[in-house]
Amino acid sequence: MVVSADLAVRTLGPCRIDSPLAPRLGARETTQHSVVEEDRILFDDTLSMAGARGVPLEQLPSLEPGGPRKKIYFDPAKTRVGIVTCGGLCPGLNDVIRGLVLELSRHYGVRRIVGFRNGYRGFIPEFGEDVLDLTPEVVMHIDDEGGTILGTSRGKQDPEAIVDALERLNINILFVIGGDGTIRGAMDVVAEVERRGLKVAVVGIPKTIDNDIPYIDQSFGFQTAMSEATKSIHAASVEARSAPGGIGLVKLMGRHSGFIACYSTLAKDDADYVLIPEVPFTLDGEHGFLENLRHRVQERGHAVVVVAEGAGQEHVEGEEPGRDASGNVRFGDIGRLLRRKIVEHLDAHGVENNVRYFDPSYAIRSVPANPYDSAYCLRLAHAAVHAAMAGRTEVIVARRRRRFVHIPMALAVSRRNHVDPLGDLWMSVLEATGQPVRFG
Ligand code: F6P
């Protein structure tokens, strides 16, 4: 259970400098966006959750609100900022970089912002990466493109070497844009910064198309990625309906969490089956997936199956899982396995079948952000700048129940966000597809 101590935000010191944004805030004393420092955002969102804690109102766990402060910690004229993007691509990375640079330079008056190239390796001299000077002119139109102008990579690097680079460049604020592995890396950087007694703020903007960062409404880029995925589901449906015994099979990204598979399915409402990592399924037997699919194809003449890449790994034999540079398990290919099993099963029962296999893979995440995600990225970038200029460190900025908040990094990596097999999202998927509650 999350307690108040888990939500405590670390600061580098008292805020004594007037924020250049202060004149804009004056008239908005009572709105959500003009942060009243003493106010907090409740963590629990039901009466029963709050009631079960058995403590007075003021002791309920609460989050620090994001947003601009009237007083800040860093003197903008003397502040140097670094930005790094790490891990897999995600729509909106360039939007976040652009948002950070424009807010820092145009509103706070920060004059030196550099981008480290290709993830954490950009800090390490042996890789020979130069830094990129980031000005409003450089970033102005980068949001038109997918990817990240800084480049990215997976994997940890030595925190001592990273902090050496920060010291060499006199960096006071580091923004890290990445997923759970990146945030863990950032926590190591914070520990090294502290060991050296430095005053460097490290603020994260959480990124993953899988939407598996906990305690936040949604990660940026997720909506764009799931929208792209709907194109493959639609194509699979068209193919399936156009051939006798047509079966459109779509494999989508989603390592531990099936959010992309669920939401893209709901958006198209064309799929008959959705298989996700959170809900194990049986392939064989009278009540297994394959028999159910056979009946569906015989009754309706076609079917569409959406599978998240992390689903049904227990069925993928013979492939050693292994790990990528971020330490993530490399999964066996459930899509190819299902394609083979479906053909074998229907052939064995004399059912005509034409399986059309779609694996859009990276195509769903290498596109530019859609307008919703672009706006979200910009707002996250603003929140990150406000947090860092006010000396917050070892936090991510996030939107939780529509409010921008500061979440300690340790809490953000303490677990993963999953589709709840007993929750309303999965219920909607079951209603949309008509698939059984369980196979087997
Ligand atoms: O982390 C998001 C993600 O896109 C996953 O959905 C996918 O499994 C993985 O990254 C792919 O990683 P890589 O870029 O290393 O191939």
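Indexing begins at 1, ligand by ligand and atom by atom, following the structure's order.
A donor-acceptor contact closer than 3.5 angstrom links the side chains of Glu129 and Asn118. Neither side chain, Asn292 nor Gln435, offers a donor N or O lying under 3.5 Å from an acceptor on the other.
Considering Met253, Arg154, His256, Lys207 only, the shortest heavy-atom separation from atom 12 (O) of ligand 1 involves Arg154.
Of all the atoms in ligand 1, the ones that sit under 4.0 Å from a non-hydrogen atom of Glu309 are 5 (C), 6 (O), 7 (C), 8 (O). Numbered from 1 in the order shown, with element, the atoms of ligand 1 that lie under 4.0 Å from a heavy atom of Asp210 read 2 (C), 5 (C), 6 (O). The Arg255 neighbourhood of ligand 1 comprises atoms 1 (O), 8 (O), 9 (C), 10 (O), with distances under 4.0 Å to a heavy atom of that residue. Numbered from 1 in the order shown, with element, the atoms of ligand 1 that lie under 4.0 Å from a heavy atom of Gly254 read 6 (O).
Nearest heavy-atom pair, Thr152 versus Gly87, reported as atom, atom and distance to 0.1 Å: OG1-O, 2.7 Å.
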Would Ile247 and Leu346 count as a side chain to side chain contact (heavy atoms under 4.5 Å, CB included) if you check the C-alpha gap in whole Å, the side-chain angles of each, and the deciding distance to 0.1 Å? CA-CA 11 Å; Ile247 297 167; Leu346 296 191; 3.4 Å; yes
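The ring of Tyr376 has its center no closer than 6.0 angstrom to the ring center of Phe220. With ring centers used as reference points, Phe222 lies under 6.0 Å from Tyr263. Taking the ring centroids of Phe331 and His256, they lie under the 6.0 Å cut-off.
Remark: minimum distance from atom 16 (O) of ligand 1 to any protein heavy atom is reached at Tyr362 OH, 2.5 Å. Closest to atom 14 (O) of ligand 1, if we only count protein heavy atoms, is Arg365 NH2, 2.7 Å.
Here Phe331 has no heavy atoms under 4.0 Å from ligand 1, in either its backbone or its side chain. When heavy-atom distances to ligand 1 are checked against a 4.0 Å cut-off, Ile260 has no atom that comes that close, whether in backbone or side chain.
Contact between Gly179 and ligand 1 is absent, with no heavy atom of the residue lying under 4.0 Å from the ligand.
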